[in-house]
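Below, read A as the first sequence line, B as the second, and so on, with proteins coming before strands; counting in each chain starts at 1.
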There are 2 protein chains.
Amino acid sequence: MNENIKVMIVDDHDMVRKGLTAYLSTESEIEIVGEASSGNEAVRVFETLKPEVILMDLIMEDGDGIDATKQILSKDPSKKIIILTSFYDDEQVFPALESGAMSYLLKTASSEEIIRAIQKAHYGKTVIDGKVAQKLVAGLHKHPEPFDRLTVREKEVLKLIAEGKNNSEIATTLFIGIKTVKTHVSSILSKLEVADRTQAAIYAYQNHLFNE
Amino acid sequence: MNENIKVMIVDDHDMVRKGLTAYLSTESEIEIVGEASSGNEAVRVFETLKPEVILMDLIMEDGDGIDATKQILSKDPSKKIIILTSFYDDEQVFPALESGAMSYLLKTASSEEIIRAIQKAHYGKTVIDGKVAQKLVAGLHKHPEPFDRLTVREKEVLKLIAEGKNNSEIATTLFIGIKTVKTHVSSILSKLEVADRTQAAIYAYQNHLFNE
DNA sequence: AAATAGCTCCGACTTGAGGCGGAGCTAAAA
DNA sequence: TTTTAGCTCCGCCTCAAGTCGGAGCTATTT
């Protein structure tokens with residue numbers, strides 16, 4: 001494989017694209033065929049630019065990187081997409097890799113690391129940043145979420161508890177009786193292994209169950 | 001003022017520093033005298049590099065930008081520090097400007113915007129990104145934090161409520177009587193204008209009162 | 001000296017929260 | 001067909017939660 005590797009950069013920070021270009025221009029094997037400043041723009045232009053490898057940021061104003069990755073791969077599964085982002089939350093890493101991305105790097109990476117990741121991606125090999133990998137295995141070791149043991153109805157009730165509603169308000173919201181609400185609440189408390197509705201609400205917030 | 005403006009770049013992303021350097025090298029008036037990859041490093045080296053303007057990222061592994069800004073300005077208040085970050089949360093903007101930073105830009109800014117901000121900073125003029133400014137005025141319009149009306153003791157009690165403790169647990173934790181706890185709780189509820197301890201705990205989480 | 005604010009505590013009272021046990025209904029699984 | 005799981009509802013019970021009004025103490029302010 002002596003040809004150039006065609007690379008496309010997707011990032012909403014102009015200076016990051018500039019910096020990456022400076023990084024990669026030192027490597028004769030790599031050719032930057034284009035840039036995009038948002039996920040949606042990337043989806044629009046990648047078929048024209050025909051890159052083999054795509055460096056993709058995650059958080060962007062107009063169409064995030066995960067969405068863009070899914071859409072691009074659904075149109076052309078042969079594309080190798082490398083996530084290149086600033087963060088390594090569980091919330092970010094899992095969906096990103098599920099979306100079909102080949103590698104996951106952090107923006108603190110050196111130019112050598114990025115170049116190597118591009119080369120490996122070209123051959124179909126995955127590169128995961130060390131810190132991200134740690135989070136990944138930590139995430140797998142995590143307790144089999146007691147939240148998932150809740151029924152649909154119980155999750156609805158928990159959501160309303162986390163909004164600060166009392167039992168009668170929940171009852172009128174869900175068009176059911178107060179007694180039924182109490183049944184659900186009791187079930188929720190025992191499944192989450194908490195003592196009262198306040199601790200249930202706290203549980204919901206600490207586990208970011210209902211956004212924020 | 002025909003001399004060069006001496007600029008220092010503080011960012012933990014190598015590629016961002018590269019990109020910024022590429023940005024600013026087009027402008028003959030600006031001279032980059034050094035870089036730092038963390039807040040603590042910036043504090044250590046700025047006296048040697050003698051920059052006039054410092055471009056400062058906020059979130060960094062080893063010493064965040066707000067801390068670094070405070071420390072640098074306490075040693076030399078004449079430095080002009082421009083915050084250059086990806087986000088514009090209320091939680092970020094206020095402490096950043098309180099720390100004494102002169103300007104607040106987003107990383108989506110163009111090279112012209114950054115160059116202009118550096119020039120203005122040099123003359124002591126502030127530049128705030130439009131989106132950030134919006135958040136700012138929205139923040140000022142916000143209710144004059146009812147949380148601040150709580151007494152020290154009440155804040156302690158609220159913290160324990162947000163940890164899921166009941167009244168008797170709070171009593172033993174603070175070495176006071178249950179009746180006293182109830183008094184504090186009632187006072188907290190009326191000051192925060194919420195109905196019960198669950199809503200108080202939710203209030204604490206939504207306003208990020210006790211980290212996370 | 002007097003007023004104010006904060007922390008402490010008390011008794012009495014009302015009510016919502018939650019546990020326990022039981023039950024009917026429906027839909028899916030064994 | 002029988003069993004199981006989920007949603008619904010009931011009564012009874014206990015107790016924590018929260019309100020109201022009152023009070024003593026200290027430190028600061030006026």
Side-chain angles (χ1 to χ4, degrees), chain A residues 143-212, chain B residues 143-212:
Chain A
H143 43 88
E145 299 295 355
F147 172 70
D148 295 328
R149 295 183 46 226
L150 298 186
T151 67
V152 191
R153 202 53 159 172
E154 286 162 357
K155 287 176 185 173
E156 290 176 33
V157 174
L158 177 57
K159 183 172 161 60
L160 296 174
I161 289 176
E163 289 173 7
K165 289 191 161 65
N166 63 27
N167 288 339
S168 73
E169 287 170 336
I170 294 176
T172 56
T173 303
L174 298 181
F175 303 107
I176 58 180
I178 304 177
K179 305 295 177 60
T180 310
V181 176
K182 285 192 174 189
T183 308
H184 290 315
V185 171
S186 289
S187 174
I188 291 169
L189 298 185
S190 73
K191 284 183 182 176
L192 297 186
E193 293 179 323
V194 295
D196 51 44
R197 69 200 296 110
T198 302
Q199 290 184 5
I202 293 170
Y203 177 95
Y205 272 89
Q206 287 183 338
N207 294 81
H208 311 101
L209 297 185
F210 311 110
N211 66 347
E212 174 153 20
Chain B
H143 42 90
E145 298 296 355
F147 172 70
D148 296 328
R149 295 184 45 227
L150 298 187
T151 68
V152 188
R153 202 53 159 174
E154 287 163 358
K155 287 177 185 173
E156 290 177 32
V157 173
L158 177 58
K159 182 172 163 60
L160 295 174
I161 290 176
E163 289 174 7
K165 289 192 161 64
N166 63 28
N167 286 340
S168 72
E169 287 169 336
I170 294 175
T172 57
T173 302
L174 298 181
F175 304 107
I176 57 178
I178 304 178
K179 305 296 178 58
T180 311
V181 176
K182 285 194 176 189
T183 306
H184 290 315
V185 172
S186 289
S187 174
I188 292 169
L189 298 185
S190 75
K191 284 184 181 175
L192 297 186
E193 291 179 327
V194 296
D196 51 44
R197 66 198 301 108
T198 302
Q199 290 184 5
I202 292 170
Y203 177 94
Y205 272 89
Q206 287 182 339
N207 293 81
H208 312 101
L209 297 186
F210 311 109
N211 65 345
E212 176 157 17

Checklist line | Heavy-atom check, side chain of A:E169 versus side chain of A:N166, under 4.5 Å | finding: yes

Notebook entry, point to check: Can a side chain N or O of A:H184 be found less than 4.0 Å away from OP1 or OP2 on C:dG18?
Noted result: no

Note to self: Please tell me if A:T151 has a side-chain N or O lying less than 4.0 Å from either OP1 or OP2 of D:dA5.
What the structure shows: no

Next item on the list: Compare every heavy atom of B:I188 with every heavy atom of B:L150, then report the nearest pair and how far apart it is.
Entry: CD2-CA, 4.1 Å

Note to self: Taking B:E156 first and then B:K159, would you say they form a salt bridge - that is, a charged N and a carboxylate O separated by under 4.0 Å?
What the structure shows: no

Checklist line | Shortest non-hydrogen contact from A:A162 toward A:A204 | finding: CB-CB, 4.0 Å

Next item on the list: Examine distances only and state if a side-chain atom of B:Q199 and a backbone atom of B:A195 form a donor-acceptor pair shorter than 3.5 Å.
Entry: yes

Next item on the list: Take atom CD of A:Q199 and atom P of C:dA17, then tell me their distance rounded to the nearest Å.
Entry: 16 Å

Next item on the list: Using whole Å, report how far CG of A:L150 lies from C1' of D:dA5.
Entry: 15 Å

Margin query: Between P on C:dT8 and CD1 on B:I188, what's the gap in Å once rounded to a whole number?
Written below: 12 Å

Item checked: Spacing between B:E154 atom CD and C:dT8 atom C1', to the nearest angstrom -> 13 Å

Notebook entry, point to check: To the nearest angstrom, how far is A:I161 atom CD1 from C:dG18 atom C1'?
Noted result: 11 Å

Could I get a table of every N or O pair under 3.5 Å where one atom is in the protein and the other is in nucleotides 26-30 of chain C?
none

Next item on the list: Give, for atom OG of A:S168 and atom NZ of A:K182, the distance between the pair rounded to the nearest 0.5 Å.
Entry: 10.5 Å

Checklist line | Where protein sits on nucleotides 19-30 of chain D, one letter per nucleotide: B base, S sugar-phosphate only, - none, heavy atoms under 4.0 Å | finding: B-----------

Item checked: Test item: B:H184 and B:I161 side chains (from C-beta on) under 4.5 Å apart, heavy atoms -> no

Check: Just one of A:L158, A:T180, A:L160 clears the side chain to side chain contact (heavy atoms under 4.5 Å, CB included) bar with A:I170, so which one?
Finding: A:L160

Item checked: Whole angstrom value for the distance that separates C1' of C:dT15 from CZ of A:R197 -> 14 Å

Notebook entry, point to check: Does any N or O in the side chain of A:S187 come within less than 3.5 Å of the main-chain N or O of A:T183, such that one atom is a donor and the other an acceptor?
Noted result: no

Check: Does a side-chain heavy-atom distance below 4.5 Å link A:V157 with A:L174?
Finding: yes

Checklist line | Sorted by number, the residues of residues 166-180 of chain A with heavy-atom contact under 4.0 Å to DNA chain D | finding: A:I176, A:G177, A:K179, A:T180

Notebook entry, point to check: Tell me: CG of B:D196 to C1' of C:dG18, nearest whole Å?
Noted result: 14 Å

Item checked: Backbone N/O of B:T198 and side chain of B:D196: donor-acceptor pair under 3.5 Å -> yes

Margin query: Rounding to an integer number of Å, can you tell me how far A:K165 NZ sits from C:dA17 P?
Written below: 14 Å

